[in-house]
**Q** 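Have a look at this one before I ask anything.
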Amino acid sequence: MFAKVMKGIVQYLSPINRLGKRKYSFFFPLFSILFTFIFIEAFVQIILKNPDAVGLLAIFIPIALIIYFAFRDGLKGGFTAVVLTISYYFYIIYSREHSGEQLITSLETTGVLGLLYFLLAGIIGWLKQTIDKLIELEADERRRFQAIVQQLPVGVIITDKDGAIGFVNRRANNILGMKIPIGFNVMKGVFVKVVESKNFPTSQSLLGRALKSGKTIISEELTIETESGRKVYIEASASAIRNKHGRIIAAAEIVSDVTAQKEHEKRKDDFVNMASHELKTPITSMKLYLDALARNSKKYDREQINKMVTSVRNQTERLQKLVSDLLDVSRLQTGKLSFQKDKFDLAKLVEDAVIELRAFAPEKKITFSGKIAGKVLADQFRIYQVITNLLTNAIKYSGDTRDINVRVKKEKKRVVVSVQDFGFGIAKDQQKKIFDRLYQVMDDREKTFPGLGMGLYISREIVRRHKGQIWVESEKGKGSTFFFNLPMSG
Ligand code: ADP
């Protein structure tokens with residue numbers, strides 16, 4: 001308690017503590033100086049009992065007070081001290097009843113000292129106020145800098161010249177998935193868990209290297225693991241910062257999260273691999289059949305040849321479908337997919353598709369229901385593509401179950417088509433993603449199905465561009481129902 005009070009008093013009295021605050025008091029100097037002069041008077045009059053002994057005391061103590069208050073309270077404090085001191089001098093001259101020669105000398109001395117005191121208070125007070133202004137300016141500058149850096153879309157970490165972290169923006173904490181410790185010294189190691197980095201040992205921090213070498217390190221890629229165990233791909237650059245004399249005064253690092261980019265790249269690579277595989281398989285099998293036939297066609301009877309030719313035709317169709325899907329995806333990406341719209345009966349189109357696919361998958365029992373009056377204005381060919389895509393998926397992903405139900409109904413000025421199967425189903429967290437480009441559910445059982453994850457993406461884009469909606473209701477292991485709707489025309 002006592003220590004606290006003492007600390008409070010020292011802080012109040014200390015001029016250093018008030019630097020940069022621009023608080024200049026008037027009453028504190030006034031009263032404390034008055035009190036000091038009364039004390040001096042009492043001391044010489046009552047204790048020393050010699051009024052003339054005031055001489056040196058009346059010089060040194062006021063000088064000390066002027067310096068102190070000019071430094072603590074600027075021009076206001078300094079000039080208050082000077083005015084009070086001169087007044088005190090006049091009081092001394094008056095109360096000691098100086099006269100004649102002595103009076104003149106006293107008045108002259110007071111004049112000269114007064115001038116010197118004003119000069120002293122003026123210089124110190126002005127210096128003090130200038131320093132305050134500079135400090136405030138720098139604080140403003142720092143605040144402005146921090147406000148800007150906080151808004152940046154990249155993470156920023158700044159250390160002092162010795163490597164102690166002094167500033168971190170929120171984004172840096174978010175990207176690295178932790179609260180970056182202020183004060184941590186980057187020369188001593190890394191504060192994140194680096195799992196992998198291309199060009200340097202994972203125990204060295206980028207900032208530490210930048211400080212040590214004095215160079216800029218541009219766009220290093222590293223993989224880190226956040227506190228919650230998530231893997232994040234980072235791209236980071238660090239640089240030593242120098243003042244105008246070339247001396248290193250700090251280091252700064254900029255980090256950005258490139259995880260999404262990396263994953264996209266990986267999906268693209270996977271896609272190229274899978275696409276090559278998907279294209280190669282039918283070609284290889286076709287070549288085998290054709291080679292056999294070319295070598296010795298007489299070896300085979302009519303039935304065998306028919307089988308081979310049918311197989312080759314099926315593979316050709318598979319290839320054709322793949323290539324046209326690839327083309328569609330590319331057209332969608334470049335905005336070059338165009339539609340030829342006309343009015344037609346959607347229910348009829350769905351029924352046609354069902355009839356065609358029944359022949360394609362005789363092992364399934366595909367039912368159709370729904371007769372509605374009302375047409376849609378759409379591209380028949382493209383909508384047929386959507387329906388067959390949903391149907392082939394239902395066939396593909398229904399496993400051993402037989403039933404597939406197709407329904408068409410009217411719902412508020414829209415025609416809704418649904419395709420229901422009782423097969424594998426889709427987990428909740430995958431249900432949105434399956435409509436993304438090149439997305440396939442990676443599940444051991446389903447990996448064996450050929451496909452590139454283009455069908456639902458193409459379907460979604462076609463439906464969307466007809467002002468329709470497409471969605472799925474599904475439960476893992478129980479089956480799925482895919483829906484899409486289109487606005488009725490007229
Ligand atoms: P592909 O069938 O070529 O893989 P799609 O875009 O048609 O591509 O489908 C994307 C993914 O959605 C499929 O890989 C599959 O995992 C899942 N899927 C689509 N339809 C069904 C369905 N009826 N039942 C279960 N999963 C489905």
Side-chain angles (χ1 to χ4, degrees), residues 264 266-268 270-282 314-315 317-333 337 350 353-354 357 360-361 363-368 382-407 417-465 469-484:
H264 186 72
K266 190 175 168 305
R267 265 208 280 164
K268 265 193 172 159
D270 288 352
F271 175 74
V272 170
N273 278 337
M274 280 191 327
S276 332
H277 180 76
E278 290 285 316
L279 291 170
K280 211 177 118 198
T281 319
N314 289 345
Q315 305 286 17
E317 272 170 13
R318 205 172 136 192
L319 276 178
Q320 209 176 12
K321 168 90 175 79
L322 259 174
V323 173
S324 77
D325 274 1
L326 280 169
L327 269 174
D328 283 350
V329 169
S330 134
R331 282 196 198 115
L332 281 168
Q333 296 281 286
L337 195 72
V350 175
V354 168
L357 281 171
F360 172 74
E363 74 281 10
K364 302 282 171 188
K365 187 168 160 254
I366 311 178
T367 65
F368 173 78
R382 291 296 176 186
I383 299 300
Y384 194 79
Q385 189 180 351
V386 174
I387 303 162
T388 48
N389 182 36
L390 295 185
L391 269 167
T392 40
N393 274 352
I395 294 166
K396 231 162 68 173
Y397 301 107
S398 55
D400 297 333
T401 62
R402 247 170 74 77
D403 288 339
I404 292 170
N405 303 326
V406 182
R407 296 184 186 92
V417 179
S418 65
V419 179
Q420 180 182 30
D421 70 65
F422 301 92
F424 304 148
I426 304 154
K428 274 260 161 326
D429 59 327
Q430 312 265 11
Q431 288 180 7
K432 271 224 162 66
K433 296 186 193 161
I434 53 170
F435 294 98
D436 287 348
R437 191 163 60 110
L438 317 185
Y439 191 87
Q440 288 187 298
V441 179
M442 275 305 164
D443 183 308
D444 284 344
R445 194 174 44 177
E446 284 154 50
K447 247 183 219 165
T448 48
F449 290 93
L452 287 171
M454 296 186 288
L456 286 180
Y457 167 73
I458 296 172
S459 302
R460 184 190 66 182
E461 292 305 307
I462 292 174
V463 171
R464 273 190 185 168
R465 286 170 207 212
Q469 292 147 327
I470 188 166
W471 70 99
V472 64
E473 283 169 13
S474 178
E475 198 176 321
K476 186 92 196 145
K478 294 216 167 137
S480 324
T481 310
F482 280 81
F483 298 86
F484 77 89

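As the structure lists them, so they are numbered: ligands from 1, and atoms in each ligand from 1.
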**Q** Of the non-hydrogen atoms in Arg318 and Glu278, which two are nearest, and what is the gap between them?
**A**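 Closest heavy-atom pair between Arg318 and Glu278: NH2-OE1, 3.8 Å.
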**Q** Could you tell me whether ligand 1 has any atom less than 4.0 Å away from a heavy atom of Gly423?
**A**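 No, that is not the case, since the closest heavy atom of the residue is not under 4.0 Å from the ligand.
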**Q** Would you mind running through ligand 1 and noting each atom that sits below 4.0 Å from a heavy atom of Lys396?
**A**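 The atoms of ligand 1 under 4.0 Å from a heavy atom of Lys396 are 1 (P), 2 (O), 3 (O).
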**Q** On a heavy-atom basis, I'd like to know which of Leu456, Val419, Thr481 is closest to atom 5 (P) of ligand 1.
**A**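 Of the listed residues, Leu456 has the closest heavy atom.
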**Q** Mind checking whether Trp471 and Phe483 have parallel, tilted or perpendicular rings, split at 30° and 60°?
**A**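 Aromatic pair Trp471/Phe483 classed parallel.
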**Q** Out of all atoms in ligand 1, which are within 4.0 Å of some heavy atom of Met454? Include the element for each.
**A**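 Answer for ligand 1: 6 (O), 8 (O).
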**Q** Is a side-chain donor or acceptor of Ser330 paired with a backbone partner of Leu326 at a separation under 3.5 angstrom?
**A**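 The answer is no, because no donor-acceptor pair under 3.5 Å joins these two groups.
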**Q** Can you sort out which atoms of ligand 1 are near Ser480, meaning under 4.0 Å from one of its heavy atoms?
**A**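 The list of qualifying atoms is 22 (C), 24 (N), 25 (C).
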**Q** In this structure, does ligand 1 have an atom that sits under 4.0 Å from one of the heavy atoms of Phe435?
**A**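 No, that is not the case, since the closest heavy atom of the residue is not under 4.0 Å from the ligand.
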**Q** Closer than 4.0 angstrom: is that true for some heavy atom of Gln430 and an atom of ligand 1?
**A**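 It does not; every heavy atom stays at 4.0 Å or beyond.
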**Q** Could you pull out all residues at least two apart from Arg331 that satisfy salt bridge (charged side-chain N to carboxylate O under 4.0 Å, His left out)?
**A**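 So Arg331 forms a salt bridge (charged side-chain N to carboxylate O under 4.0 Å, His left out) with Asp328.
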**Q** Before signing off on this row, confirm whether Asn393 and ligand 1 have an N or O atom pair separated by under 3.5 Å.
**A**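 Yes, since at least one N or O of Asn393 sits under 3.5 Å from an N or O of ligand 1.
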**Q** Testing Ile470, Leu332, Ile434, Val386 for side-chain contact (heavy atoms from CB on, under 4.5 Å) with Arg460, which one passes?
**A**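 Among Ile470, Leu332, Ile434, Val386, the one that satisfies the side-chain contact (heavy atoms from CB on, under 4.5 Å) with Arg460 is Ile470.
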**Q** Does an N or O from Gly425, backbone or side chain, lie closer than 3.5 Å to an N or O of ligand 1?
**A**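 The answer is no, given that Gly425 and ligand 1 share no N or O pair closer than 3.5 Å.
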**Q** Lys433: which residues meet the salt bridge (charged side-chain N to carboxylate O under 4.0 Å, His left out) condition with it, sequence neighbours left out?
**A**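 Expected list: none.
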**Q** To check you understand the geometry: which heavy-atom pair defines the closest contact between Ser474 and Ile426, and what is its length?
**A**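 Scanning both residues, the minimum pair turns out to be OG-N, 2.8 Å.
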